[in-house]
Asker: 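Below are the structure tokens for one structure; questions will follow.
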Amino acid sequence: MAAWAQQAIPAGDILQARAAVPLFPSTLLPRVKPPAPEPPPVPDKVAVAVTGDSLADGIWGAIYRKLVRDKRYVIRRNAKNSTGFTTEGLLGQIDEGFTPTPADAVIMMIGANDRRSFFVDGKSKALFGTPPWRTFYGDRTAAFMDYLKTRDVPVVWILLPIMRDEAAARDARLINELVTKAAADRPWVRTVDTWSLTADAEGAYAAHFKDLNGKVRLMRDNDGVHFTPPGYELIAESVLNLLREASPKFRLLPR
């Protein structure tokens, strides 16, 4: 038998050897924190597509003015006046927003022109506000959101503000309800409330309220629907805040 096999190891040496290797981390040893993962780099170019109607076009102008000097951001103007879901599905606006290169986020505002019935081939399909109309509008809104999901980018949907005309305000609230209902089942869509922002303490239409600097100014246009430039800028800041939260690509957006 080999010489090393014939020599017995003292039991005390075995106990000392075991004691030298702690079975659990010692509270006396310094804890080493794993390094924090580095955030992904910001691309050289980040594109934002703004779609919808004339209200969305005002949002485009506000964001463009804020970012025009930052060459990393491209703000695409894809909104069109006098358009809405009652006249078309608007899927073409999404395709235009991803040309010539894919957009990194989509901003949507629609509904000011949708106080009308659905017509197909010149025939009335659903009268405004009726249950069939609500179904049609909800389905088109949902289809638009689902098509956006295939693009796999953050979507910020700006809800309608309170309108000066009471009937228009009632209809805007209805459209907001249908959009909010569709967005509730689609987590890739984040909505921005503008109603509370544009109403006074009693819930009535307000033309004057505080701008980004806290100064009370004229914030709504004379038509009682659109905004003045400071009004658009106030809403645009809420949109940019959501983009900062939604994607690291926007973490360097100027404040």
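As a basis for the values below, the full set of heavy atoms in this structure was taken, side chains included, without hydrogen atoms, waters or symmetry mates.
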Asker: For a quick test of reading the model, state the closest non-hydrogen atom pair linking L91 to A143 and the distance between them.
Answerer: CD2-O, 4.4 Å

Asker: Does atom CZ of F128 have more than 12 heavy-atom neighbours, drawn from other residues, nucleotides or ligands, at distances under 6.0 Å?
Answerer: yes

Asker: In the structure I gave you, are the side-chain heavy atoms of I63 and I107 within less than 4.5 Å of one another anywhere?
Answerer: yes

Asker: Under 3.5 Å, is there a donor-acceptor pair between the T198 and R164 side chains?
Answerer: no

Asker: Which atom names give the shortest non-hydrogen contact between A169 and I162, and what distance separates them?
Answerer: CB-CG1, 4.2 Å

Asker: May I ask whether L55 and L234 are part of the same hydrophobic cluster, defined by side-chain heavy atoms of I, L, V, M, F, W, Y residues being less than 4.5 angstrom apart, directly or through others?
Answerer: yes

Asker: Could you tell me whether the side chains of N176 and R173 share a donor-acceptor contact shorter than 3.5 Å?
Answerer: no

Asker: Are V68 and L212 co-members of a hydrophobic cluster defined by side-chain heavy atoms under 4.5 Å apart?
Answerer: yes

Asker: A side-chain contact here means heavy atoms from C-beta on lying under 4.5 Å apart; do M108 and W157 qualify?
Answerer: yes

Asker: Measuring only between side-chain heavy atoms, which start at C-beta, is K215 closer than 4.5 Å to P230?
Answerer: no

Asker: With P161, which of M219, M109, H226 fulfils side-chain contact (heavy atoms from CB on, under 4.5 Å)?
Answerer: M109

Asker: Nearest 0.5 Å, please: how far is CG in D139 from CZ in R134?
Answerer: 14.0 Å

Asker: Would you check, one step at a time, whether the test side-chain contact (heavy atoms from CB on, under 4.5 Å) holds for T141 with L178?
Answerer: CA-CA 8 Å; T141 302; L178 296 173; 5.6 Å; no

Asker: Using side-chain contact (heavy atoms from CB on, under 4.5 Å), reason through V192 and L242 one step at a time and then give a plain yes or no.
Answerer: CA-CA 9 Å; V192 175; L242 278 182; 3.4 Å; yes

Asker: I want to check something: taking the side chain as every heavy atom from C-beta on, are F227 and D221 in contact at a cut-off of under 4.5 Å?
Answerer: no

Asker: Are I110 and W195 connected, step by step, through hydrophobic side chains (Ile, Leu, Val, Met, Phe, Trp, Tyr) whose heavy atoms are closer than 4.5 Å?
Answerer: no

Asker: Tell me, do F209 and R220 make a side-chain contact under 4.5 Å, heavy atoms counted?
Answerer: yes

Asker: Going through the checks in order, is the side-chain contact (heavy atoms from CB on, under 4.5 Å) test met by N78 and V50?
Answerer: CA-CA 6 Å; N78 299 112; V50 183; over 6 Å; no

Asker: Just wondering, more than 12 heavy atoms not from D152 lying within 6.0 Å of its CG?
Answerer: no

Asker: With the side chain counted from C-beta on, respond yes when Y232 and D57 share a heavy-atom pair under 4.5 Å apart, and no when they do not.
Answerer: no

Asker: May I ask you to decide whether E237 forms a salt bridge with K66, counting only side-chain N to carboxylate O separations under 4.0 Å?
Answerer: yes

Asker: Check this for me: does any side-chain nitrogen of one of R77 and E96 sit under 4.0 Å from a carboxylate oxygen of the other?
Answerer: no

Asker: I'd like to know if R151 pairs up with D95 as an ion pair, taking the criterion as any Lys NZ or Arg NE/NH1/NH2 lying under 4.0 Å from an Asp or Glu carboxylate oxygen.
Answerer: yes

Asker: Taking the side chain as every heavy atom from C-beta outward, state whether D104 and F250 have any pair of such atoms under 4.5 Å apart.
Answerer: yes

Asker: A side-chain contact here means heavy atoms from C-beta on lying under 4.5 Å apart; do I235 and I59 qualify?
Answerer: yes

Asker: With a sphere of 6.0 Å drawn around CD of E166, does it hold more than 12 non-hydrogen atoms of other residues, nucleotides or ligands?
Answerer: no

Asker: M145 vs V179, test: side-chain contact (heavy atoms from CB on, under 4.5 Å). Steps then yes/no.
Answerer: CA-CA 10 Å; M145 293 178 179; V179 172; 4.0 Å; yes

Asker: Ignoring hydrogens and geometry beyond distance, is a side-chain donor-acceptor pair present between T86 and D114 at under 3.5 Å?
Answerer: yes

